[in-house]
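Here is the naming used below: chain letters follow the sequence lines, and residue numbers restart at 1 for every chain.
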Amino acid sequence: MAFAATYNAKETEDKWYSYWMENDYFHSEVNEKEPYTIVIPPPNVTGVLHMGHMLNNTIQDVLIRRARLKGYNACWVPGTDHASIATEAKVVNKLKEEGINKNDLSREEFLDHAWEWTHKHGGIILEQLKKLGASCDWERTKFTMDEDLSKSVIKVFVDLHQKGHVYRGYRMVNWDPKAKTTLSDEEVIHVEKEGKLYFLNYAIEGSDDVLSIATTRPETIFGDTAICINPNDERFTHLKGKKAIVPLCNRVIPIIEDEYVDLEFGTGCLKVTPAHDENDKNLGDKHQLEVIDIFNDDASLNSYGLHYEGKDRFDARRDIVKELETLQVLTKTETHINKVGTSERTGAVIEPKLSDQWFLKMKELAQPALDAVLDKEVALVPEKFINTYRHWMENVRDWNISRQLWWGHQIPAYYYGDGKEDYVVAESKEEALSLAKSKTNNDNLSLADLTQDEDALDTWFSSWLWPMSVFNGILEPDNTEINYYYPTNDLVTAPEILFFWVARMIIAGYEYRGEKPFNSVYLTGIVRDKQRRKMSKSLGNSPDPLMLIDKYGADGIRVGMLLSSPAGNDLMFEEDLCKQGSGFVNKIFNASRLILNWEVDQDKPQPAYCKTATAWYQAKFQKALAELEDHYNKYRISDALMTTYKLVWDDFCSWFLEMIKPPFGEKIDATTYQSAVTLLEDNLKILHPFVPFISEEIWQNISERNKEEALIIAAWPKQTWADEAFIKDFETVKEIISGVRTIRKEKNISFKDSIQMSVINNEKLSTSYDSIIAKLGNIEEITYVEEQLANSMSYRVKSNEYFIPMIGAIDVEEEIKKLTEELNYQQGFLKSVTKKLSNERFVDNAPEKVVAIEKQKQADAEAKIEAINQSLKSLK
RNA sequence: GGGCGCUUAGCUCAGUUGGUUCAGAGCACUUGGUUUACACCCAAGGGGUCGGGGGUUCGAAUCCCUCAGCGCCCA
C-alpha cells in the first residue's frame with residue numbers, strides 16, 4: 001500500500017471528483033430502481049458561494065450519497081435562478097460604471113447586456129459546488145430562463161389567467177423607488193427607525209379656527225384629500241360638516257368622520273392621503289375621496305408638489321418642514337419610533353403606491369397546499385414550522401406577480417387599445433392576435449396593433465414550478481421523466497423562503513399535477529458568526545468558503561458544518577469546527593494507514609483477545625447502524641454524524657484497534673487482519689456521505705477496484721443484529737480497565753510496568769474477557785480469589801472486587817478515607833431507594849418494570865456496601 | 001399590537017409517550033502519559049439546585065399556571 005505519511009486533501013479531492021465525473025456516477029436515468037430525487041434550491045445565477053450554500057448543499061449531498069449507497073436511483077438536479085431584481089440591479093450598476101444609463105437603452109439592448117453578464121458570471125457558483133463534493137447530475141443542469149422553463153412559465157400564466165386566478169388590478173403596492181419596481185409583501189423588511197411626529201395647523205374654511213394634526217410625513221400634505229375625525233370625539237364636534245384648507249397648496253378638503261381614527265394617537269385628527277398609505281386608501285374608498293399621487297417613479301415630487309417638484313421625498317420633507325415652520329403652521333415636533341418598510345434588495349424605503357399590477361388570487365389555490373402540510377402529506381422538518389406555515393396560508397393575500405423589470409419572463413399580455421380591458425393573454429403574439437380579433441370582432445387588427453405588457457414576472461413565479469419544470473412536467477405533463485422522478489423526496493432549504501418558495505411550490509404542485517412536489521422539507525438554520533450575527537457581505541464576517549476548502553479540505557468543512565446544525569436551528573459557525581472536521585479526516589487516514597501497513601503472519605493463530613474484540617466491534621457497529629437509520633429517518637443529520645464520529649474515533653480507533661494491535665515488532669494474524677479490513681470497509685461506507693473524498697481514497701487503497709466497485713456506488717452495510725448483552729458486558733470490561741488505569745495514575749505506576757490483579761468474581765463475569773483486560777491494563781496475570789487481598793489497592797465494579805497488590809506499604813489512612821467516602825455514598829443511595837420502595841403508593845402505582853429496577857438497585861447497593869465493609873475491616 | 005418558539009455544563013446542543021446508579025454528548029478546561037498510526041494522540045478528572053416562583057403526581061428537565069429574559073414571523 002502506497003500511503004503517504006500525511007494526508008493531502010487537495011490532491012485527493014480533485015482526483016476523486018474527476019474520477020466520479022468521468023465514470024458518470026452522478027448521472028441518473030429512468031430505470032427500474034426506486035428513485036430518490038432532490039432538486040437543488042437554485043442559487044442566483046450570478047451569485048457566489050456563501051456559507052449558507054455550503055451548509056445547504058452539504059446536507060443535500062449527504063442525503064443523496066446515502067440514498068445512492070442504499071441502492072436508490074439517486075438524482076440531484078442542479079441549476080440556477082435568473083433572480084430578476086438582484087441580477088437586473090447588478091447589470092444596471094455595471095452599466096452605470098461604464099457610463100450607460102438603463103433608461104437610454106431599449107429593452108432588447110438591455111437584455112443583451114444582461115445575457116452577456118449572465119454568460120460571463122453565470123454558473124460560477126455551480127463550479128464552486130463541485131469543490132464541495134456535490135454529486136449533482138450536472139447533465140441535468142437547468143436555468144429558470146432556459147427556453148423550456150420559460151415556456152412553462154408562460155403556459156402557466158396563461159392557464160391561470162384562463163381559469164380566472166390571474167387578474168389585473170389597480171391596487172396599492174410596495175414601490176421600491178430605487179429599483180423602480182413593485183415588491184411583494186415578503187420582499188419588504190420592516191425596520192424600526194426613529195423619526196419625527198410633526199404637528200401641523202390646518203385652517204378651517206370660513207373661520208379663524210385651526211385644527212392641529214400630527215403626521216410623520218409632512219411632505220404628503222400635497223396629496224391630502226380629507227381630514228378625518230372620530231365621530232365620538234367630543235373635542236371636534238364643532239368641526240362636523242366643515243372644510244379644512246391644506247397648507248401650502250391651499251386646497252379645500254372635507255372633514256370626514258370615521259371610527260377608524262385612534263382618539264389617543266397624535267391629536268386625534270388624521271390627514272387622509274389615499275395615494276400614499278394603505279389605510280388612507282381604504283378610508284378614501286369608503287368615503288369616495290379623490291386620490292392624488294404626488295410622486296414620480298423615483299419618489300421625487302411631481303407637479304402636485306408645486307415648487308418642490310423634482311425634489312426627492314426626503315429632501316422635500318426637510319425643506320417643507322422649514323417652510324411650514326416659517327409660516328407657523330408647524331407648531332411642535334416629537335420624536336417617534338415607527339417601523340418603516342424597506343426593500344430587501346435595495347434597502348430603499350418603500351413607498352406605498354397605487355398602480356396597475358397583475359395579481360394571482362391565492363385563497364383557493366392555497367387550500368390544498370395548506371391541507372397537505374397539516375395532514376403531514378408534506379412533512380416540514382422540524383415540525384415547529386407547521387404553525388408558522390399555517391398562519392401564513394390562512395391569511396394569504398393575493399400575490400402581486402408583476403415587476404417593472406426587464407430581466408425575467410415578460411408578461412404575455414397584449415394590448416390592442418387604450419381601454420383598461422383592451423388586452424388579451426396568450427402564449428404567443430400570433431395567438432394573441434386571433435384572440436384579440438374575436439374579442440373585438442375586428443378582423444382588421446394586425447400584429448403591429450398589439451403591444452406586449454412591459455412588465456416581467458416575479459422571479460418566484462418561475463421557481464415555484466421548479467420541481468416540475470426541470471423534468472419538463474409542465475409542457476409535457478405525461479413524459480416518462482416527470483412520472484418517474486416526481487414527486488421528489490426531500491427539499492433542503494432555508495426557513496426564510498418557506499413562503500416565498502416552498503409554499504408556492506406546493507401550491508403549484510397540486511394545481512398542475514394534483515400532487516405534492518416533495519415528501520419532506522428540511523429547513524436549515526441561518527449561518528451566523530460567533531456573536532450570533534448573520535453572516536453577510538456588508539458585515540464582512542463571512543469566511544470565503546473556497547479559502548476554507550483550501551485550508552481544511554472539503555471533507556473537513558462538511559464535517560465542520562454538520563457538527564452542530566440540527567434542522568431549523570441557526571448554526572454558529574467558527575473555523576475551529578472545520579479544524580475539528582479535518583482532525584477527524586486525519587484520524588480516519590491514520591487509522592487506515594495503521595491497518596493497511598500491518599504485516600500479516602499467515603501461520604499465526606488468532607489470539608483470544610482479537611476474537612473477542614472483533615465480535616465486540618461487530619456488535620457495536622450494528623448498534624450504531626440501527627441508530628444511524630433512526631437519525632436519518634428523523635433528518636437528524638448532525639446526530640447521524642456524531643454517531644459515526646464516536647463509533648469511528650472512540651470504538652474503532654481507541655478501543656478496537658488498541659485491542660487488536662500486535663505487540664511492537666510482531667506481525668498480525670491473518671484472521672484478525674481480514675476482519676479489521678472488512679470492518680474498516682464498513683466504516684468507510686457509513687462515513688462516505690459525510691466525508692466522500694477520504695473515504696473513497698482509502699477504499700481504493702485497500703485493493704484494486706474496477707469502476708463498478710467504487711465506494712460511491714457500493715452497498716450500504718446490511719443491518720443484522722446487535723448483541724446487546726455482549727455490548728453491555730463489554731461496558732463492564734471497560735470499567736474494569738478504567739479502574740486499573742486510575743490506580744496506575746494515582747500510584748504513579750508507569751503503563752510500561754506490568755502488574756498483577758486479583759478478582760473476587762461475585763458477578764460471575766465470563767473469563768473470556770481476561771485477555772483483553774490483561775492487554776489494555778498491561779496485567780501480567782489475573783487471579784481469581786475468594787478472600788480480599790491484603791496490601792493492595794482495591795476498586796469495585798458492580799459487585800465484583802478488584803485488587804492490585806502494592807509493593808511498598810500502602811497508605812492505610814488514605815485507603816480508609818476513600819472507602820469511607822464510597823461507603824457513605826452507597827449508604828445514602830441505598831437509603832433513598834429503600835425509602836422509595838417502602839412508599840406503598842409508589843409500589844402500587846408505578847409500573848412493575850420500574851419497581852423491579854428499583855429493587856435491583858437496592859440489591860446492588862447492598863452487595864457493594866457489604867464488600868466495602870469487608871475491605872474496611874481488613875484494613876483496620 | 002397579534003402569532004409562534006426558545007431558556008439544560010464555560011460554548012453549541014441532545015434529552016422521544018413524566019419512571020434505570022443523585023441529568024447526557026461534542027468542544028473547551030485541568031492533570032497525567034506517550035521512542036511502538038495520529039501532539040490532529042491516549043487516559044483520567046472537574047464542571048449543571050435543567051431561567052425564577054407556584055401547582056398536579058408515588059415520582060417533573062419533561063405536564064399545567066405565573067413572572068422574567070431572548071429570538072423569529074406578521075401588522
Side-chain angles (χ1 to χ4, degrees), chain A residues 3 5-7 185-186 188 190 278-279 339 341 382 384-392 394-395 397 495-496 498-499 526 530 532 552 556 563-566 568-574 576-577 579-598 630 634 636 638-639 641-643 645-646 649-650 653-655 657-658 661-666 737-746 748-752 776 798 825-826 828-830 832-833 835-847 849-858 860-861 864:
Chain A
F3 254 116
T6 50
Y7 177 61
D185 292 341
E186 291 73 29
V188 177
H190 293 267
E278 173 108 51
N279 295 314
K339 290 225 171 169
K384 69 176 174 186
F385 287 106
I386 294 175
N387 279 330
T388 326
Y389 180 89
R390 183 179 65 200
H391 187 253
W392 193 79
E394 281 174 350
N395 299 290
R397 312 217 298 189
E496 306 160 297
L498 184 57
F499 310 124
I526 295 167
K530 230 186 153 182
R532 288 192 175 268
Y552 300 102
L563 271 171
S564 174
S565 52
N569 276 27
D570 288 355
L571 168 69
M572 254 53 72
F573 181 82
E574 39 177 330
D576 276 358
L577 290 170
K579 214 169 146 195
Q580 198 186 339
S582 64
F584 184 48
V585 169
N586 185 62
K587 185 75 183 175
I588 298 166
F589 177 78
N590 274 298
S592 311
R593 196 162 65 100
L594 171 72
I595 297 172
L596 299 175
N597 283 339
W598 272 334
D630 188 47
K634 291 175 179 153
R636 302 166 75 141
S638 299
D639 290 344
L641 170 62
M642 193 44 73
T643 299
Y645 183 94
K646 284 196 278 192
W649 199 308
D650 297 340
C653 296
S654 297
W655 284 99
L657 292 183
E658 289 305 322
K661 193 196 256 181
F664 184 58
E666 285 183 31
I737 294 164
S738 287
V740 179
R741 285 170 175 167
T742 308
I743 287 177
R744 278 182 179 278
K745 192 182 173 186
E746 274 174 10
N748 267 325
I749 305 167
S750 162
F751 188 80
K752 284 186 219 158
L776 296 190
K798 291 190 172 164
Y825 167 81
Q826 289 297 339
F829 178 71
L830 177 65
S832 78
V833 175
K835 192 177 157 200
K836 212 173 191 180
L837 282 167
S838 56
N839 181 344
E840 270 174 42
R841 286 196 288 181
F842 170 73
V843 181
D844 293 347
N845 291 319
K849 200 176 129 198
V850 176
V851 178
I853 287 164
E854 290 300 313
K855 283 189 174 153
Q856 183 60 49
K857 285 188 206 169
Q858 188 182 34
D860 286 352
K864 260 197 178 160

query = So, do Tyr552(A) and Val585(A) sit near enough that their side-chain heavy atoms are less than 4.5 Å apart?
reply =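 No. Closest side-chain heavy atoms not under 4.5 Å.
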request  = Starting at atom CZ of Arg744(A), determine the distance to atom C1' of C42(B), rounded to an integer number of angstrom.
outcome  =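 After rounding, the reported distance stands at 14 Å.
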Inter-nucleotide [atom1] distance ([N], [M]), Å rounded:
N	M	atom1	value
U8(B)	C4(B)	P	22 Å
U49(B)	G45(B)	C1'	22 Å
A60(B)	G18(B)	C1'	6 Å

Nucleotide of [options] approaching [X] most closely (side-chain heavy atoms):
X	options	value
Lys661(A)	G19(B), A37(B), G26(B)	A37(B)
Leu594(A)	C4(B), A43(B), A37(B)	A37(B)
Asn590(A)	G19(B), A14(B), A37(B)	A37(B)

Is there a donor N/O on one and an acceptor N/O on the other, under 3.5 Å, for the side chain of [X] and the base of [N]?
X	N	value
Asn586(A)	C40(B)	yes
Lys384(A)	C4(B)	no
Glu658(A)	A37(B)	yes

task = Could you tell me the separation between the CD1 atom of Ile386(A) and the CZ atom of Arg390(A), rounded to the nearest 0.5 Å?
result =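 The CD1 atom of Ile386(A) sits 9.0 Å away from the CZ atom of Arg390(A).
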Would you tell me if any nitrogen or oxygen in the side chain of [X] comes within less than 4.0 Å of OP1 or OP2 on [N]?
X	N	value
Tyr645(A)	C27(B)	yes
Arg841(A)	C58(B)	yes
Trp649(A)	C42(B)	yes
Ser654(A)	C42(B)	yes

ask   = How would you label the contact of Ser582(A) with the nucleic acid (heavy atoms, under 4.0 Å): base, sugar-phosphate, or nothing?
value =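 The answer is base, as Ser582(A) lies within the cut-off (heavy atoms under 4.0 Å) of a base atom.
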request  = Identify whether any heavy atom of Arg636(A) sits under 4.0 Å from a base atom; if not, whether one sits that close to sugar-phosphate; answer base, sugar-phosphate or nothing.
outcome  =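 Contact class for Arg636(A): sugar-phosphate only.
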query = Thr742(A) or Thr6(A): which one's nearest nucleotide on RNA chain B is closer to the 5' end?
reply =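 With Thr742(A) and Thr6(A) compared, the 5'-side residue is Thr6(A).
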ask   = Which residue, Trp598(A) or Asn387(A), contacts RNA chain B at a nucleotide closer to its 5' end, judged by nearest heavy atom?
value =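 The residue closer to the strand's 5' end, by nearest nucleotide, is Asn387(A).
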